[in-house]
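Down below is the structure, laid out as C-alpha cells.
Below, chains carry the letters A, B, ... as their sequence lines are ordered, and counting in each starts from 1.
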Amino acid sequence: MNSLQDNFTNAAKIWQQLQEGDLPVFYVGTATCGRAAGALEVKDRLQEYLKTKNIKAEVIEVGCLGPCFLEPLVIVQKDTTQRICYANVGPDQITEIIDKFILGSDPCSQWALGNMSSAVLEGVTEFQKHPLIKSQVRNVLHNCGLIDPENIDHYLAQKGYQGFLHALEIGPDETLSIVKSSGLRGRGGAGFPTWKKWDFCRLAPGDIKYLICNADEGDPGAFMNRSLIEGDPHALLEGMLIAAFTLGASHGYIYCRAEYPLALHRLDIAIKQMQNLDLLGENIRGSGFNFYLTIKKGAGAFVCGEETALIASIEGRRGMPRPRPPFPAVKGLWDQPTVIQNVETLANLPLILRNGAEWFANFGSSSSKGTKTFALAGKIKNTGLIEVPLGITLKEIIYDIGGGIPDDKSFKAVQTGGPSGGCIPAEKMDLTVDYESLNEAGSIMGSGGMIVLDEDTCVVDLAQYFLSFTQEESCGKCPPCRIGTRAMLSILKKITSGNGQLSDLDQLEQIASTVRDGSLCALGQTAPNPVLTTLRYFRREYEEHIENHQCPAFVCNSLIDYHIDPDRCAGCGACAKVCPVQAISGTRKKPHTIDPNTCIRCGMCLSTCPEVYAAVYRTSGSLTRYEPQRKKSSSPPSA
Amino acid sequence: MTSSLTQILERYHLERASLIPILQDIQEKDGYLSPSALAQLSEKLNISDNEIFGVATFYSQFRFHPPGENTIQVCLGTACHVRGGHQILGELEQRLGITAGQTTHDKKFDLQRVACLGCCALAPVVKVNGDIHAKMSTRKIPALLRKYQGERNPE
C-alpha cells in the first residue's frame, strides 16, 4: 500500500517554506463572514499595493479564525519572528500596515488582535492569551483561519489524512472500537453515540451501505458547519473516509444547503484534489476499499435536516419524514443500511484516529466527551464561532469568551438549539453545557446555535418567531405538527397583539404536549420547546402582555405607541422627513406630533431624532421608555 | 426541446434521484422553472408534470415566475430577528411597494425572505445578487437601493 509518504514530505516542505521562507506572508480570512465584512476588497487592495511598492510577498486566502465581529481578519507574517493577527482591517489599514510594519518596524499595535509568533512583541499581547481565545480549545477548528482550504498540501502538512491511513492499517473493527472508547456522540443535536449507530449499520443485512453527511445546517442562527467546511473541507472529507471504511459503505453523499455557495465550491475543489491523490474511487490507495462521493445541494426545506426526510430528498422526492423504526441504519437510502452524520461529528474522526481515543476523552465532561463548536450571536459583544470543551458553563461562554452584553444592557437569556431548543434564563448561567444538563433545563444542545438575548428581547415575540418558523417549515404530513403548530401560533399572535386571555396559556401548554408527543419527527416533537421553556421561565412576561397589554421589552408593535415629548422636541423636522407614512406633523422649530392611527411603528423617527434632543419616546401600557437609556452594569450576575 | 435543457440533461443519469439537481440547474440557467421546461423534463424523466410540480413546490428554492433584475434577500434568521431583521424587511417592502415574495412592477427588484444566511455574527444582513451586506439598518436602505437601481442581476 502506497502511504502517501512523498506527498507528506512535499507538503511539509511547502508549508515550511511558507512559514520560514524569506517572503512576507499575508493570510486573509475570506470565509463568507469575512467577505460580508469586505475581506475581498482588502485582498485586492493588498495585492495592488504590493505591486506598486514592488514588494514580493505571498497572499493566501484562509477560512475563519472565529471572531466574526472583528472581520476582516488578516494575519501578517513579516518573518519567522514577527507574525501578527490584525482585526477589522480595511483597505486603508492594510496599506498602512505594509508601510509601517513590513517596510518599517512599527507593528501597528492599535489594530493588532494578537501576536502569533513565539517572540515577544512590544505592545502586542499573545494571541493565545487574548480573552476571546484563552478559554477556547480549538480541536476541530484547529486549521480554520490558518491554512489555505483550497490547497491540499496545507492540509497534508498538518498531518491530514494520516488518521484515515491509520484506520486502513488497523482495519474497521479496531477503528470502531477506538471511536467507541473515545465516547464521541453525534454533534447534530440529539447526541446519539456515534459508534452505536455505526454498529447497527454494520450488523444490518444489505449488499450496499451508504454514508450521508448532513450539512443542511438549517437552524436559523447556526453557522458552525458553514465555517468548518469553508475553512477546512478536507477535515470533513477525511472523516467521511474513516466512517465509510468502518461501515463498509461504498457510496457517500454530502447534503449541503444551497445557501452556502462558498462551502459547496470548496468541497468541489477538495474532492478533485482527493481524486488526484487516489483518496476517492475504486481501490483507494491499493487498500481494496472503494468509496464514491456525491454532493447534493439542498433546495431549501428545514425538515430535510431530519434523517428520513433528507433521504427522501436525495431520492428525488418531497422531503417528508417517515415513521421510524425501521431506522436508517437498518433501512435507509434506497432501503439500504445508511448512516447519517453531522459535519462536526465527522470532522472529529481524523483527530480521534490520529491522536487516540484517550486524547479525545480528555476533553469534556464525564458523559459528554470532546469539544463542541458554537455559533455565538445575538445581543453579545464578541459574536462568532467558538469551540469549547463540553462541560464549560454558560457564564464562561457568554462573559469570558463572548465579552458580555453590548451597550450596557442587561442579560436576559440564552437560546440554544434553534427552533428545537429553548431559552435558558440568566439565573441558570452556572449550568454546564453538556447534553444532559441542557435537556434538563428544557432546551437541547442542538447543532450549536447560541443566541444571546438582552432586556430588549421579548420572549413571547421570540417564541412566536420560532413557532412561525416551524409552522412554515412543517411538511404537513402528520396532523399534530401541521395543525398543532398552527393552533399554537395563532394563540401566540393573539397574545402579542394584546388580545390574549390567561386561559390561553394553559391551552398553549396543552397543545404543546400533544404536538411534542404526537408528531412523527423531531421537527414537530421539538417545535414546542421555545414556547414551553419561555412559559417555564418567563411566565410573568406572557401575563404582562395579557393582563396589562404591555410588552416590557418594547418589541410587540401592537402594544407600543410612539410619541414626541413637546418639552424636548426642537422642531428640526428630521423625523417627519423620514417617516414613510407621513404620520408626523408640525411646523418648523415647534414641537411635532405623531398621529397614532397613521403610525406603522417602524421606529424610523426614534432612530433619526438627534441624540441631543432624544425627544421620541415609546409607551406600552403603563410603561414609558426614552432612548438612549440609562446605563446599566454589564458585569455578570452574581451567583 | 431547448438546447439548454439538452445540455443540462447530458450531465445526469435520467433517473428519479437526478430530478432535484436538474431542476436546480434549470433554475440557475433560466432564473425560474417555466411550465414548458417542466413539461419537457416530465417527458424525458418519465415522471408526470404533476409529480414534478409537487416536488418543486415543496422546496422554497424553486420559483415559477421570471425573476426581477436584482434579487434582494432579507435574512430573518434568529440573530437577524433579534437585531431587527423584520424592520429591515418592513422598510424594504414600504420603499419598493411590494411584499416579500413579489417582484416590483418595473421588474427591477425581487424581494425575498430567507431563513438564515449563516452570517449571524454580522446581523442583520441583506443579500443582494449574491453580495452580503452586513450590519444593516433601516437608514442604510435608501443607499442600498440606489446602488442597485442601475445594475443588472449578473445571475
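- A:Tyr465 and B:His86 have perpendicular rings, their planes meeting at more than 60° on a 0 to 90° scale where under 30° would count as parallel.
- The side-chain contact (heavy atoms from CB on, under 4.5 Å) test applied to B:Pro66 returns B:Tyr32, not counting sequence neighbours.
- For residues 598-607 of chain A, the set of pairs meeting the side-chain hydrogen bond (donor to acceptor under 3.5 Å, both in side chains) definition, not counting sequence neighbours, comprises A:Asp561-A:Arg601, A:Asp595-A:Thr598.
- Neither the backbone nor the side chain of B:Gln73 comes within less than 4.5 Å of any heavy atom in chain A.
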Please assess B:His133 against B:Tyr148 for the test ring-ring contact (aromatic ring centres under 6.0 Å, His included), listing each intermediate value before the final yes or no. CA-CA 12 Å; B:His133 299 269; B:Tyr148 290 96; 5.7 Å; yes

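- Evaluation of the salt bridge (Lys or Arg N to Asp or Glu O under 4.0 Å) rule for A:Lys412 yields A:Glu541 as partners, not counting sequence neighbours.
- Put simply, the side chain of A:Asp454 gets close to the backbone of A:Asp456: a donor and an acceptor are under 3.5 Å apart.
- Salt-bridge annotation for B:Glu28 and A:Lys297: present, with a side-chain N of the basic residue lying under 4.0 Å from a carboxylate O of the acidic one.
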Using the salt bridge (charged side-chain N to carboxylate O under 4.0 Å, His left out) rule, take B:Arg11 and B:Asp25 through it: C-alpha gap first, then chi angles, then the decisive distance, then the call. CA-CA 10 Å; B:Arg11 298 202 287 264; B:Asp25 282 3; 2.9 Å; yes

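- Neither the backbone nor the side chain of B:Ala123 comes within contact range of chain A; no heavy atoms are under 4.5 Å apart.
- For a residue to count as touching a neighbouring chain, one of its non-hydrogen atoms must lie under 4.5 Å from one of that chain's; by this rule A:Ala222 touches chain B with the backbone only.
- Interface residue B:Ile132: backbone and side-chain heavy atoms are both found under 4.5 Å from chain A.
- In this structure, the side chain of A:Asn529 engages the main chain of A:Ser420 through a donor-acceptor pair within 3.5 Å.
- Using a 4.5 Å cut-off between heavy atoms, A:Cys304 contacts chain B through its side chain alone, with no backbone atom that close.
- In this structure, no portion of A:Arg35 lies under 4.5 Å from any heavy atom of chain B.
- Neither the backbone nor the side chain of B:Ser137 comes within less than 4.5 Å of any heavy atom in chain A.
- With a 4.5 Å cut-off on non-hydrogen atoms, A:Ile380 touches chain B through its backbone but not through its side chain.
- Contact residues of residues 94-102 of chain B toward chain A are B:Gln94 (heavy-atom distance under 4.5 Å).
- Heavy-atom distances place the backbone of A:Ile314, and not its side chain, under 4.5 Å from chain B.
- Contact of A:Glu472 with chain B is made through the side chain alone, with heavy-atom distances under 4.5 Å.
- Between the side chain of A:Asp216 and the backbone N or O of A:Gly218, no donor-acceptor pair lies under 3.5 Å.
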